Amino acid sequence: MKIDIVTIFPEMCAAPLGVSIMGRAQEKGLLQLAVHDLRQWTTDKHRRVDDEPYGGGQGMVMTCEPLFAAVEALRSPDSRVVLMTPQGRRMDQAVVASFTPCAHLIILCGHYEGIDHRVVEALVDDEISIGDYILTNGAIAANIFVDAVVRLLPGALGDERSAAEDSFSEGLIEAPCYSRPEDFRGMKVPDVLLSGHHAKIAAWKKEQGLRRTLTNRPDLLPD
Ligand code: JDE
C-alpha cells in the first residue's frame with residue numbers, strides 16, 4: 001500500500017510512523033509512506049494555507065489552492081482521498097478494515113476550524129473522524145488511522161496471532177490477562193488460569209469478556 005500524508009506539521013507523522021511496526025512495514029516493502037508539507041504547494045511569499053471564512057464566524061479556514069495542488073500532484077487513477085476531521089464518519093475496526101484493499105491513500109490532515117467545502121466536494125472520498133473530541137491538528141488523527149490500517153496488511157504484524165483474532169474483531173472485549181509472577185504483592189492470578197483445564201479456561205475467558213464488555217462497553221453488546 002502507498003500512503004501520502006499531507007499536513008502542515010510533517011514532523012508529527014514522520015517520527016511516529018517511522019518506528020516500530022510502521023517502520024518495519026516500510027522496511028519490508030508493505031508500506032510506501034511519504035509525508036508532505038502542505039506549504040510546498042503554496043505560491044505566495046507568506047506560504048499561507050488558511051484565510052477568513054466568508055459569511056463570518058470563528059477561526060480560520062483551510063483554503064482550496066494548496067490542497068487542490070497537493071492532491072493533483074499526488075493522485076493517480078487508483079487513489080482514495082481521505083480527510084481527517086472531527087466532522088467525518090467515525091472510525092471503528094470495520095471502517096479501518098474497509099481501507100485495506102486500497103492501493104493508494106492520500107490523507108489530508110484538517111486543521112483550523114474547517115476546510116473550504118469545495119475541497120470536500122471535489123477531492124475527498126472519505127471524511128474520517130477518530131472520535132468525538134477535538135484535536136489541535138489532524139496529523140495526530142492521521143497517525144492513528146494509518147497505524148490501524150497498516151497493521152491489518154498481511155505480514156505487517158509478523159506475529160504468531162492474526163489481527164483477525166484481536167479484541168473488537170469478535171465484537172467483545174477480551175478477558176483480563178496475567179503473566180508471571182503468580183503472586184505479586186499478595187495479588188494472585190485467578191486459579192483457573194493455572195489449572196491447565198482448557199475447557200474451564202475457555203469458559204472463564206468468555207464469561208470475563210462478557211462481564212468486561214457489559215461494564216466498560218455496553219454499546220458493543222447486541223440488544
Ligand atoms: C479528527 N477526530 C478528531 C480539528 C477543528 C474546531 C477546531 C478545530 C477541518 O479539519 C479539522 C481537523 C481537526 C483535527 O482533527 C481532529 C479529529 N478525528 O480534531 C478541526 C474543528 N472544530 C478541524
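Predicted model only: the values in this text are computed from it and were never measured. As the structure lists them, so they are numbered: ligands from 1, and atoms in each ligand from 1.
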> What protein heavy atom is closest to atom 19 (O) of ligand 1, reported as residue, atom name and distance in Å?
Replying inline: L135 N, 2.7 Å
> atom 21 (C) of ligand 1: which protein heavy atom is closest, and how many Å away?
Replying inline: E113 O, 3.6 Å
> Which atoms of ligand 1 sit under 4.0 Å from any heavy atom of G138?
Replying inline: 14 (C), 15 (O)
> Hey, is K188 close enough to D183 for a salt bridge, meaning N to O under 4.0 Å?
Replying inline: yes
> Which bit of A141 gets closer than 4.0 Å to ligand 1, counting heavy atoms only: side chain, backbone, both or neither?
Replying inline: side chain
>> Is any side-chain heavy atom of V81 closer than 4.5 Å to one of V71?
In response: yes
> Quick one: does I115's side chain get under 4.5 Å of L67's, heavy atoms only?
Replying inline: yes
> Hey, what's the ring geometry for F99 with F145, parallel, tilted or perpendicular (30° and 60° as the breaks)?
Replying inline: perpendicular
>> Below 4.0 Å, non-hydrogen atoms only: which portion of M62 touches ligand 1? Side chain, backbone, both or neither.
In response: neither
> Do we see a donor-acceptor contact under 3.5 Å between the side chains of H111 and D50?
Replying inline: no
> Taking the minimum heavy-atom distance to atom 12 (C) of ligand 1, which of G88, G59, G110 ranks first?
Replying inline: G110
> Where the closest heavy atom to atom 7 (C) of ligand 1 is concerned, which of D116, L108, N137, I134 has it?
Replying inline: I134
